[in-house]
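Step one of this worksheet: look at the structure below.
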Amino acid sequence: MSGDHSHNEDQIMGGSRINDSHKHKDKYKEHKHKDYKRDKEKSKHGNSDYKDPSDKKYKDKEKMKHKDGSTEKNKDKHKEKRKEDKIKLLNDKVKKEKENGFVSPLHVKSEPEEDFYHSPKHEKSLKRERDEDYDSEFKPKKIKTENDKKVKKRKPGDEGDIKPKKTKTQKEVTDGKKKAKKEPEEKWKWWEEERYTDGVKWKFLEHKGPVFAPPYEPLPSRVKFYYDGKPMRLSPEAEEVATFFAKMLDHEYTTKDIFRKNFFKDWRKEMTAEEKATITDLKKCNFTEMSEYFKAQSEARKAMSKEEKQKIKEENERLLQKYGYCIMDNHKERIANFRIEPPGLFRGRGDHPKMGMLKRRIRPEDIIINCSKDSKCPEPPPGTKWKEVRHDNKVTWLVSWTENIQGSIKYIMLNPSSRIKGEKDWQKYETARRLKKCVDRIRAQYREDWKSKEMRVRQRAVALYFIDKLALRAENEGQEYVVEFDFLGKDSIRYYNKVPVEKRVFKNLQLFMENKEPDDDLFDRLNTSILNKHLQELMDGLTAKVFRTYNASITLQQQLKELTTADENIPAKILSYNRANRAVAILCNHQRAPPKTFEKSMQNLQAKIDAKKDQLSDAKRELKSAKADAKVRKDEKTKKAVESKRKAVQRIEEQLMKLEVQATDREENKQIALGTSKLNYLDPRISVAWCKKWGIPVEKIYNKTQREKFAWAIDMADEDYEF
DNA sequence: AAGCGAACTTAGCATCTGCGCG
DNA sequence: CGCGCAGATGCTAAGTTCGCTT
């Protein structure tokens, strides 16, 4: 593997970064608000009833802001501002501990790796993409029929026999027209089939439509709402919205001004004229009875008998069976989210200006159905109509609607285990593998470009450097020049990192800052469109996020190689795996708040360990005495006793060690979330190969859902797979 | 060529589930 | 045989990218 830089332990397991970077509630105090400039008031889309005057105001305000910054030309700039990023350059002659030795307190807007995106399109047809993105050795086409290694080849559609794992569900599918085809009893290996090459996503698509949120059930009349101390009966519409608020009473955000203001405004819109006249001050509203009622309800639900619970479960299962699957091109596929999002109060992440707004109930009239012409089109609920039925096989969604908060479109799509998602995922990793082949060249080039006389090129090159390494790695070159990043990234997760950079990069950054106000764009000659065009020239299909995928996967592979020791037992190997995974998660800044129960659960585990230790010393003592006994008696029976004691000791030792490993793992994982990288950035074939190589059951690494998503990888990767 | 919207991926937290334990 | 917890799953917001439009 070529030019991957290796990380030193410090950086990977790194102390300060993680500690510094967990989210904290008051981050906005320091960071001001996440600036929601991107909010573009799309509400025009037929949701005018929710259009909110204050939104407009917000928008206008935004505009003004933009104006004076004179930086409003492109999207990435919006983003930069929005994030309120800062890069502080610090001259690190001052050692780490002296962090206030900033040479230059300049605050410059900058971007985290993925912020330079945004490309112009380059017409790359879907078709081409498909074909080229797969590495030839795994071209399904080839595999298509008979090939190969372990696969007991079978074409989908043949009669089955493999363990009918999914049989039950599969059976029913056949009710429709697909009957003839006889649905495969075994799992369908879509990865062995020919792919579409022309942007077509499917030929046949049939489904039952979405499941709507249950209608509102008015509160029993004994549950009162009080206004200004006096009980008040609300109209069902107003009451429903009030219950949304009541359900959140325990949450901190019901105390936030913006939240309350937005809620109150939207709530009033649902009120009758009289209600509106009466209820003019949210502070005078008392929702506690409602809140108590819901708490009681949820208690009651927990206390339900198991028959009742069973019944609910069965009902859910029925719904799943009916609505949770579709038929796409002769195969029954699982739908990811077949339930429409229920109404409620919007809670954006971070300091969202729209928090508290009413997210309205979606009705059939809001829904667009997508299915094939020759399918049985889903029926809208009696007495209603769909907004539209279309037959667009160039997209993958089955149902869509426009949401009223941001005006964006929401979709119902297939599960990650489906062919359509899996192929795309596979393709993503193939693109990253292609990057592997030319990453040295690309790196060499951007380093060269740091010296360019064209500002544009320099900026592009520095940006690319950050995209490549920054979030993902920090090289240790002398530590003489350090850049400090501090901004809010996706989901308002704080990104905080100090990165040693090469001198040239540092100097360039200083240059970029010359003659600029702290609020100006650091990369003023760069936008995502330029960058992306450039990337596209460097490698077909290259976009900024490919670097993330590549760096994540290559790091996993490297770390696995480095951390796995042949003579370790399985739990120890798994710890190594998790550590490798953790290195990636840290690189990608995948953090989590330490689980609320973390301390407690750690203590529990420690208690178990202590207990196990006691048990072990007991067992050892017994072994000893058995041995002594055997020495004297020398009969078969005592010999046997010694043997069994010995075994017991061994077993307990093993258990103890397992617990200890578990404790280590958990501790190290305190504020790291492994799931995201595992699911989205790590080529699953690396993990599968590792499992095969070391004889680790793949279940130890991937749970059921993950195995379903990565079925293709589990099936096709052998132990010498190399990313 | 920039701006926008559609489509699709990524993300962390909330809620649920089922299993091991007392 | 219920309880509590950890891990699994659900949910939906917030990203990226592409390509169309103007």
Side-chain angles (χ1 to χ4, degrees), chain A residues 23 34 36 38-40 42 44-45 72-79 82-83 112 114-126 129 199 201 251 298 301-303 306 309 312-313 316 336-342 344 346-350 352 354-355 359 368 370 392 394-397 400 402-403 405-411 413-416 420-421 424-425 428 488-493 527-530 532-533 535-536 541-546 548-549 588-593 595-598 600-601 604-605 608 662 666 673 675-677 679-681 702-706:
Chain A
K23 321 164 62 154
K34 208 173 167 177
Y36 281 83
R38 271 235 276 168
D39 184 36
K40 352 188 138 120
K42 308 180 195 166
K44 36 184 156 173
H45 297 287
E72 260 333 288
K73 322 214 141 152
N74 27 47
K75 199 167 174 182
D76 49 329
K77 296 194 178 164
H78 288 235
K79 300 184 66 175
R82 178 172 57 65
K83 292 191 174 176
E114 64 256 51
D115 273 313
F116 299 101
Y117 300 176
H118 213 261
S119 78
K121 48 331 355 337
H122 49 265
E123 65 338 301
K124 125 187 236 188
S125 80
L126 291 153
E129 203 168 289
K201 301 289 171 46
H251 263 107
S298 89
R301 222 170 308 123
K302 271 186 230 155
K306 54 171 115 58
K309 284 183 178 166
I312 291 173
K313 210 174 146 189
N316 279 334
N337 56 325
F338 57 91
R339 286 169 208 271
I340 302 258
E341 298 173 17
F346 177 79
R347 173 51 177 154
R349 298 174 202 157
H352 202 294
K354 295 194 174 185
M355 67 169 80
K359 191 165 115 168
I368 301 174
N370 193 31
D392 182 355
K394 298 283 207 289
V395 297
T396 67
W397 53 268
S400 75
T402 301
E403 151 269 336
I405 303 289
Q406 320 276 0
S408 62
I409 306 175
K410 301 271 191 158
Y411 304 92
M413 292 180 184
L414 299 192
N415 198 73
I420 211 156
K421 294 290 184 189
K424 196 81 187 298
D425 202 39
K428 172 181 76 184
L488 297 179
K490 182 171 178 179
D491 295 330
S492 289
I493 296 288
N527 63 42
T528 51
S529 148
I530 293 171
N532 274 314
K533 197 173 291 165
L535 290 176
Q536 207 51 228
L542 187 60
T543 62
K545 81 172 190 154
V546 178
R548 229 168 134 75
T549 309
C588 293
N589 203 37
H590 291 143
Q591 307 180 34
R592 61 169 184 182
K596 293 181 190 58
T597 55
F598 186 84
K600 183 146 80 141
S601 99
N604 288 163
L605 195 52
K608 272 194 200 170
Q662 201 185 340
R666 191 176 297 176
T676 300
S677 51
L679 235 42
N680 300 304
Y681 291 108
Y702 289 139
N703 67 29
K704 179 161 148 298
T705 318
Q706 294 165 158

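Each chain gets a letter, A, B and so on, in the order the sequences are listed, and its residues count up from 1.
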Counting any heavy atom closer than 4.0 Å, what does [X] reach on the DNA or RNA strands: base, sugar-phosphate only, or nothing?
X: A:Ser400; answer: nothing
X: A:Lys596; answer: sugar-phosphate
X: A:Arg301; answer: nothing
X: A:Pro342; answer: sugar-phosphate

Identify, between A:Arg347 and A:Gln706, the residue whose nearest nucleotide on DNA chain C lies closer to the 5' end. A:Gln706
Which nucleotide in the set [options] lies at the smallest distance from any side-chain heavy atom of [X]?
X: A:Asn703; options: C:dA8, C:dA14, C:dA6; value: C:dA8
X: A:Ala593; options: C:dT12, C:dA14, B:dC13; value: B:dC13
X: A:Lys201; options: B:dC8, C:dG7, C:dT17; value: B:dC8
X: A:Lys600; options: B:dC13, C:dC5, B:dA14; value: C:dC5
X: A:Lys359; options: C:dA13, C:dT17, B:dC8; value: C:dA13
X: A:Arg666; options: C:dA6, C:dA13, C:dT17; value: C:dA6
X: A:Tyr681; options: B:dG12, C:dA13, B:dT10; value: B:dT10
X: A:Tyr411; options: B:dA7, C:dA14, B:dT10; value: B:dA7
X: A:Trp397; options: C:dT12, C:dC5, B:dA7; value: B:dA7
X: A:Thr676; options: B:dC8, C:dT12, B:dG12; value: B:dG12

Quick one: [X] [atom1] to [N] [atom2], roughly how many Å, whole number?
X: A:Arg592; N: B:dC13; atom1: CZ; atom2: C1'; result: 11 Å
X: A:Asn604; N: B:dG20; atom1: CG; atom2: P; result: 16 Å
X: A:Met413; N: B:dT9; atom1: CE; atom2: C1'; result: 9 Å
X: A:Asn532; N: B:dA1; atom1: CG; atom2: P; result: 16 Å
X: A:Leu679; N: C:dA8; atom1: CG; atom2: P; result: 12 Å
X: A:Asn370; N: B:dA6; atom1: CG; atom2: C1'; result: 13 Å
X: A:Asn680; N: B:dA11; atom1: CG; atom2: P; result: 6 Å
X: A:Lys424; N: B:dA7; atom1: NZ; atom2: C1'; result: 8 Å

Counting distance only, does the side-chain N/O of [X] pair as donor-acceptor with the main-chain N or O of [Y] below 3.5 Å?
X: A:Gln536; Y: A:Gly541; value: yes
X: A:Arg548; Y: A:Cys588; value: yes
X: A:Lys354; Y: A:Ile405; value: yes

Note: for A:Lys313 and A:Ile409 on DNA chain B, the residue whose nearest nucleotide lies more 5' is A:Ile409
Check whether any side-chain nitrogen or oxygen of [X] sits under 4.0 Å from OP1 or OP2 of [N], and answer yes or no.
X: A:Thr597; N: C:dC5; answer: no
X: A:Lys545; N: B:dT10; answer: yes
X: A:His352; N: C:dA13; answer: no
X: A:Ser601; N: C:dC5; answer: no
X: A:Lys704; N: C:dA8; answer: no
X: A:Lys428; N: B:dT10; answer: yes
X: A:Gln406; N: C:dA14; answer: yes

Between A:Lys394 and A:Lys201, which heavy-atom pair has the shortest distance, and what is it? O-NZ, 3.1 Å
Side chain of A:Arg349, base of C:dT12: donor and acceptor closer than 3.5 Å? yes
A:Lys302: what forms a salt bridge (charged side-chain N to carboxylate O under 4.0 Å, His left out) with it, not counting sequence neighbours? A:Glu299
Qualifying residues under salt bridge (charged side-chain N to carboxylate O under 4.0 Å, His left out), relative to A:Lys428, sequence neighbours excluded: A:Asp425
Measure up the A:Trp397 and A:Tyr411 rings against each other and bin them: parallel (under 30°), tilted (30 to 60°), perpendicular (over 60°). tilted
